Amino acid sequence: MERWQKQLSDSVVKVKDLPFVSGSKDYMEKLEKVAEIFPIRINSYFLDQIKEENDPMWKQVVPTLEELDDFLSAEETLESDPLHEEEDMPVPELVHRYPDRVLLMLNNQCPVICRFCTRKRKIGFPGIVTRETLRQGIEYIARHPEIRDVIMSGGDPLLVPDKELERILRALREIKHLEIIRIGTRVPGTLPDRITPELCDMLKKYHPLYANLHFNHPAEITPEVEAACNRLADAGIPLGSQTVLLKGVNDDVEIMKELMHKLLKIRIKPYYLYQADMTVGTDHFRTRIEKGLEIIRGLQGHTSGMGVPYYVIDTPGGGGKVRLLPDTVVEFNDREILVRNFEGKVFRYPQPTEKTQKNTVLDPTVVPSSGKLCELA
Ligand SMILES: *Cc1c(COP(=O)(O)O)cnc(C)c1O
């Protein structure tokens with residue numbers, strides 16, 4: 001057994017083994033109830049990263065009674081499938097929402113089960129994704145020439161054994177119209193030893209391959225994680241990162257800035273910052289929208305543009321991702337735009353007019369009388 005397999009098989013999955021959790025019999029029984037509805041998994045690598053109760057790692061993976069309150073009160077604005085993914089599945093476990101790309105779920109197991117998971121309804125329960133659903137998914141992509149990009153998701157696709165993963169990649173690569181393959185994974189940040197040299201050697205045969213990783217807090221970037229990301233980047237896989245804005249974990253400009261800087265240092269380009277979804281059992285993680293805008297305002301211009309992710313809401317009801325920007329436009333009309341820079345100063349940019357553009361439209365057939373070609377004033 002490899003080290004990562006041992007770390008996975010040593011996962012905490014029961015309430016009695018949770019780190020820094022104790023309480024009355026009643027409290028523990030209620031937690032058991034939470035775990036029945038929303039399973040627990042904390043692999044032993046990630047467990048080692050938890051230093052105390054309520055630290056950013058603890059909050060991401062240890063269940064609390066807030067999940068149960070949320071589930072029982074059944075606030076009608078919260079849903080088990082807030083993005084209505086099940087409605088956009090032409091075949092089981094494949095979401096076709098955007099014109100030219102699809103999301104294909106390879107499994108429903110993860111190296112840790114995040115308490116704020118948008119797919120809380122299906123992660124950790126056996127038997128949802130099968131060889132048959134996968135076969136249908138791949139066949140669907142083959143039958144639809146408009147699909148040029150597939151995102152392998154789940155669950156976590158990098159928990160699929162190498163051989164099986166290669167079988168899937170090979171089948172996808174046989175589809176001529178499929179241009180790129182993306183891997184959406186939290187494995188590098190939560191079970192880094194799984195990124196073995198053998199896995200990387202296999203993956204790099206199936207380029208162009210991209211990976212979008214998942215990081216929420218700078219403390220997740222340990223030396224092991226750095227080494228894992230290096231192996232992926234050295235295999236030629238461009239790395240991006242997705243971050244979920246989480247109350248009490250990373251809803252702070254300085255924490256986010258540190259995270260983005262640490263990501264760039266290990267060759268990961270921040271891609272999306274997600275406003276938390278309206279998923280049942282996760283309401284206590286949601287922040288106000290102003291917080292996300294404040295974070296983007298605190299990054300844009302203050303640090304490398306490379307380090308500023310797109311802040312998005314994945315719209316409830318299945319409308320897809322919509323990007324939000326802090327209001328940089330002060331005024332915009334036919335003649336000009338007034339914009340606010342990162343220091344809060346306002347600048348004017350005039351629209352092009354016939355007057356400003358008169359010299360750029362030259363008639364190439366007219367040779368100036370001097371005989372020389374085109375000397376611009
Ligand atoms: C996010 C997402 C994608 C990919 O979107 P990009 O903006 O291209 O990264 C594709 N399908 C679904 C269902 C998604 O949620």
Side-chain angles (χ1 to χ4, degrees), residues 79-108 110 114 116-123 128-129 133-134 136-138 140-158 168 172 175 177-186 188 207-216 232 237-246 260 263 268-280 282 286 292 296 306-325:
E79 299 182 51
S80 64
D81 178 19
L83 309 179
H84 290 200
E85 291 185 326
E86 306 289 337
E87 288 166 29
D88 275 344
M89 288 183 185
V91 294
E93 311 314 316
L94 175 139
V95 186
H96 194 176
R97 167 158 304 155
Y98 300 101
D100 65 343
R101 55 210 189 278
V102 295
L103 192 140
L104 176 68
M105 292 177 206
L106 298 202
N107 62 359
N108 64 329
C110 288
C114 307
F116 51 86
C117 181
T118 189
R119 297 200 189 111
K120 233 169 146 69
R121 67 187 184 280
K122 56 202 324 176
I123 298 306
I128 290 179
V129 183
T133 62
L134 263 175
Q136 288 183 36
I138 294 169
Y140 178 86
I141 298 168
R143 272 190 284 120
H144 288 261
E146 71 274 20
I147 300 170
R148 38 161 293 286
D149 176 359
V150 61
I151 297 149
M152 301 197 303
S153 181
D156 200 308
L158 292 187
I168 297 165
L172 288 172
I175 304 172
H177 58 262
L178 189 63
E179 296 171 3
I180 66 172
I181 299 175
R182 296 194 247 176
I183 304 171
T185 177
R186 206 179 171 180
H207 276 309
L209 204 60
Y210 289 72
N212 275 319
L213 317 184
H214 177 167
F215 289 96
N216 297 324
L232 284 173
I237 303 171
L239 304 179
S241 172
Q242 318 204 108
T243 298
V244 185
L245 180 53
L246 299 169
M260 301 310 154
L263 289 171
I268 301 174
K269 163 78 183 81
Y271 181 37
Y272 280 134
L273 171 63
Y274 287 102
Q275 178 64 23
D277 288 330
M278 304 280 295
T279 313
V280 170
T282 70
R286 295 203 299 135
I296 297 300
M306 289 279 294
V308 187
Y310 297 138
Y311 173 42
V312 292
I313 293 186
D314 213 339
T315 50
K321 298 176 184 72
V322 176
R323 194 173 166 197
L324 300 182
L325 285 166

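Predicted, not measured: the structure shown is a model, and the values here were computed from it. For ligands, and for the atoms within them, numbers begin at 1 and follow the listed sequence.
Heavy-atom contacts of Ile151 reach the following atoms of ligand 1: 3 (C), 4 (C), 10 (C) (cutoff under 4.0 Å). Numbered from 1 in the order shown, with element, the atoms of ligand 1 that lie under 4.0 Å from a heavy atom of Tyr272 read 6 (P), 7 (O), 9 (O).
Contact annotation: the side chain of Asn216 approaches that of Arg186 to within less than 4.5 Å [non-hydrogen atoms, C-beta and beyond].
Counting all heavy atoms, side chain and backbone alike, Leu209 lies closest to His207 at N-ND1, 3.2 Å.
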(message) For a side-chain contact (heavy atoms from CB on, under 4.5 Å) check, start with the C-alpha distance between Glu146 and His96, then their side-chain angles and the critical distance, and finish with the verdict.
(response) CA-CA 11 Å; Glu146 71 274 20; His96 194 176; 3.8 Å; yes

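Any N or O atom pair closer than 3.5 Å counts here, and Glu85 shares no such pair with ligand 1.
Using the six-membered ring where Trp is involved, Tyr310 and Tyr272 have ring planes that are tilted, between 30° and 60° apart.
Compare Lys321, Met89, Arg182 by their heavy atoms: the one nearest to atom 15 (O) of ligand 1 is in Lys321. Of the listed options Tyr271, Tyr210, Tyr98, Tyr271 places a heavy atom closest to atom 9 (O) of ligand 1.
Ranking the protein heavy atoms by distance from atom 8 (O) of ligand 1 puts Arg101 NE, 2.6 Å first. Annotation: atom 13 (C) of ligand 1 to nearest protein heavy atom, Val95 CG1, 3.6 Å.
A salt bridge does not link Glu85 with Lys122: none of the charged nitrogens is closer than 4.0 Å to a carboxylate oxygen.
To the nearest 0.5 Å, atom CD1 of residue Ile141 and atom CZ of residue Arg101 are 14.0 Å apart.
At a heavy-atom cutoff of 4.0 Å, ligand 1 is contacted by no atom of Leu83, backbone or side chain.
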